[in-house]
2 protein chains.
Amino acid sequence: MALEHALLVALREQPASGLDLAKRFGRSIGFFWHATHQQIYRVLARMDADGWVEVTEVAQTGRPDKKVYAVTAAGERVLADWLAEPTPMEPLRSELAVKLRGASYGDRQAVLDVVRANLADHHARLAHYEQLEKRDHGQPETLTGHDLDTYLVLRGGIRLERFWVEWLTEYLHAHRSRPARSPKDQER
Amino acid sequence: MALEHALLVALREQPASGLDLAKRFGRSIGFFWHATHQQIYRVLARMDADGWVEVTEVAQTGRPDKKVYAVTAAGERVLADWLAEPTPMEPLRSELAVKLRGASYGDRQAVLDVVRANLADHHARLAHYEQLEKRDHGQPETLTGHDLDTYLVLRGGIRLERFWVEWLTEYLHAHRSRPARSPKDQER
DNA sequence: CTTATCATGTAAGCAGTTACATGATTCC
DNA sequence: GGAATCATGTAACTGCTTACATGATAAG
């Protein structure tokens with residue numbers, strides 16, 4: 001379970017409310033982690049009870065109050081300890097990969113359409129990430145500390161999207177080279 | 001939820017018992033899906049109740065009986081329908097990525113050690129997959145149908161491990177080029 | 001006047017992990 | 001005699017998702 005620790009990292013970058021965090025998890029941190037606001041609220045409440053974070057209620061004009069969370073000294077210790085722990089290799093769990101493998105047990109063309117749709121999504125994301133790279137990280141050679149880490153995680157996002165684009169392209173290409181005998185033929 | 005469908009794919013390849021499936025999920029299918037035997041037993045029981053699979057009790061000499069599951073006609077239909085459904089882009093959830101991003105909030109050297117350990121694991125897996133490719137798929141140009149799909153999913157496993165190796169190598173290299181001022185310095 | 005955004009939460013349920021249990025057999 | 005493998009399962013728990021609820025303001 002690492003949502004706690006992902007939240008600690010996010011809050012050390014910048015104290016924030018639950019909804020702020022949910023939004024950030026849809027952006028930069030979201031390259032490799034995702035969480036809904038409900039889950040974030042629950043975990044935040046637990047972390048507060050455990051003394052890892054502290055809350056400041058902030059009144060806003062024309063908007064509901066918000067609870068801004070910040071990491072406590074105890075939370076900093078928890079995070080530092082976790083960072084030094086070994087992380088076991090996590091197995092990827094991909095529904096699309098199961099479909100690629102099982103394509104011959106259904107309508108092949110329909111699966112290829114699903115693959116094409118996913119390929120388009122990954123292309124779009126890759127373009128978006130590459131734009132972020134150009135916009136936010138002008139001269140990466142000069143970066144150090146946390147700024148360097150942020151950049152390198154974005155690099156990971158880019159590399160991951162390239163992995164998807166290349167793999168799905170290979171899949172489509174391999175099946176284009178070996179079409180069904182007749183266009184409307186069902187495989188068997 | 002796709003474990004059901006992953007099991008349907010596995011059982012269409014070859015009818016099997018719960019433990020057989022658990023073992024297979026540690027191998028080829030395991031490139032992109034993983035499940036423990038307890039989870040498999042539970043899902044298998046539900047699929048049996050739903051009429052997606054049927055059980056044959058097989059007596060064995062010197063071993064406990066086993067229940068061999070096979071996909072029913074209804075199960076085949078469920079699988080075919082699912083294969084044609086669009087699959088939303090799934091966000092990757094990586095604990096290691098969180099550590100990369102948060103490294104400056106702990107002992108940087110300890111995190112680099114964690115990264116090195118993971119890099120070694122991914123190197124080993126990559127070598128293993130490449131060996132499988134060489135051993136099981138001599139001339140890939142000749143493959144068609146399900147054999148081609150199996151090969152292409154293995155290709156995905158190889159590409160994914162390369163992604164990890166390249167990304168983690170980039171991370172280590174970037175931090176080797178920008179060392180702490182003094183060897184025992186703590187970052188801040 | 002409706003929709004979207006800000007902001008926080010409750011409730012119900014499913015998916016998945018971890019620990020434990022059983023009972024026989026084969027290997028060392 | 002002890003450990004490992006084959007084979008199936010129960011029980012307890014955690015993590016996470018989905019649906020729903022509230023109540024205000026800003027934008028179209």
Side-chain angles (χ1 to χ4, degrees), chain A residues 1-8 11 15-27 29-30 32-50 53 55-69 82 87-95 98, chain B residues 1-8 11 15-27 29-30 32-50 53 55-69 82 87-95 98:
Chain A
M1 173 192 42
L3 178 54
E4 267 92 335
H5 304 105
L7 289 173
L8 286 174
L11 291 175
S17 70
L19 211 65
D20 289 341
L21 287 167
K23 271 184 262 162
R24 280 208 249 155
F25 270 65
R27 329 179 103 259
I29 301 172
F32 291 102
W33 205 268
H34 166 259
T36 61
H37 67 110
Q38 292 88 341
Q39 182 68 7
I40 289 171
Y41 283 128
R42 288 235 247 97
V43 173
L44 236 29
R46 184 170 58 208
M47 288 166 76
D48 185 25
D50 292 346
V53 293
V55 196
T56 314
E57 292 229 16
V58 175
Q60 298 183 115
T61 53
R63 282 182 195 179
D65 297 357
K66 61 164 148 181
K67 296 181 180 175
V68 174
Y69 292 85
W82 176 76
T87 294
M89 216 177 19
E90 302 146 272
L92 178 59
R93 198 168 278 206
S94 166
E95 215 172 282
V98 176
Chain B
M1 172 193 41
L3 178 54
E4 268 93 335
H5 305 104
L7 290 173
L8 286 174
L11 290 175
S17 69
L19 210 64
D20 288 342
L21 287 167
K23 271 184 261 162
R24 280 209 249 154
F25 270 65
R27 330 179 103 260
I29 301 170
F32 291 102
W33 207 269
H34 166 259
T36 59
H37 67 109
Q38 291 89 341
Q39 182 68 6
I40 289 171
Y41 283 128
R42 287 234 248 97
V43 173
L44 236 29
R46 183 171 59 208
M47 289 167 74
D48 185 24
D50 292 345
V53 294
V55 197
T56 316
E57 292 229 15
V58 175
Q60 299 184 115
T61 51
R63 282 182 197 179
D65 296 358
K66 62 164 147 181
K67 297 181 180 176
V68 174
Y69 292 84
W82 176 77
T87 294
M89 217 179 16
E90 303 145 273
L92 178 58
R93 199 166 277 205
S94 167
E95 216 172 280
V98 176

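Note that the structure is a prediction, hence the values are computed from the model and not measured. Letters A, B, ... mirror the listed sequences (proteins, then strands); counts begin at 1.
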Every protein N/O lying under 3.5 Å from an N/O of nucleotides 19-23 of chain D:
unit_1, atom_1, unit_2, atom_2, d
D:dA19, N6, A:Gln38, NE2, 3.2

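The nearest pair of heavy atoms linking B:Asp48 to B:Val53 is OD1-O, 3.3 Å. For the pair A:Leu3 and A:Ala35, the tightest heavy-atom approach, listed with the atom from each and the gap, is CD1-CB, 3.8 Å.
The overall bend of the helix from C:dC1-D:dG28 to C:dC28-D:dG1, read as the angle between its terminal helix axes built from five base pairs each, is 30° when rounded to 10 degrees.
Residue B:Tyr41 places no side-chain N or O under 4.0 Å from the OP1 or OP2 atom of D:dG9. At the phosphate of D:dC6, neither OP1 nor OP2 sits under 4.0 Å from any side-chain N or O atom of B:Ser17.
The 5' end of DNA chain D is approached more closely, in terms of each residue's nearest nucleotide, by B:Lys67 than by the other of A:Gln39 and B:Lys67.
To the nearest angstrom, P of D:dC16 lies 11 Å from CD1 of A:Ile40. In this structure, A:Lys66 places its NZ atom 16 Å from P of C:dT5, rounding to the nearest Å. Between the C1' atom of D:dT5 and the CG atom of B:Asp20 lies a distance of 13 Å, rounded to the nearest Å. If you measure from atom CG of A:Asp48 to atom C1' of C:dT8, you get 14 Å, rounded to the nearest angstrom. Protein atom CG of B:Leu21 is 13 Å distant from nucleotide atom C1' of D:dA7, rounded to whole Å. If you take CG of A:Leu19 and C1' of C:dA4, they are 13 Å apart, rounded to a whole angstrom. Separating the CH2 atom of A:Trp33 from the C1' atom of D:dG15 is a distance of 10 Å, rounded to the nearest angstrom. Regarding A:Lys23, its NZ atom lies at a distance of 13 Å from the C1' atom of C:dA4, rounded to whole Å.
In terms of the side chain to side chain donor-acceptor pair (under 3.5 Å) criterion, residue partners of A:Lys66 (sequence neighbours excluded) are, by chain and number, A:Asp20. Judged as a side-chain contact (heavy atoms from CB on, under 4.5 Å), and not counting sequence neighbours, the contacts of B:Tyr41 are B:Leu19, B:His37. For A:Arg93, there are no salt bridge (charged side-chain N to carboxylate O under 4.0 Å, His left out) partners at least two apart in sequence or on another chain. Partners of A:Ser94 according to the side chain to side chain donor-acceptor pair (under 3.5 Å) rule, which considers only residues two or more places apart in sequence or in another chain, do not exist here.
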- Could you walk me through whether A:Tyr69 and A:Ile40 pass the side chain to side chain contact (heavy atoms under 4.5 Å, CB included) check? CA-CA 12 Å; A:Tyr69 292 85; A:Ile40 289 171; over 6 Å; no
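Residue A:His34 has its side chain nearest to D:dT17 when only D:dT17, C:dT8, D:dT8 are considered. With distances taken from any side-chain atom of A:Arg93 to the nucleotides D:dT8, C:dG9, C:dT17, the minimum falls on C:dT17.
Counting heavy atoms from C-beta on, the side chains of A:Val98 and B:Thr87 never come closer than 4.5 Å.
Side-chain atoms of B:Glu90 come within 3.5 Å of backbone atoms of A:Glu95 as a donor-acceptor pair (strictly under, hydrogens ignored).
The base of C:dT17 lies close enough to the side chain of B:Arg42 for a donor and an acceptor atom to sit less than 3.5 Å apart.
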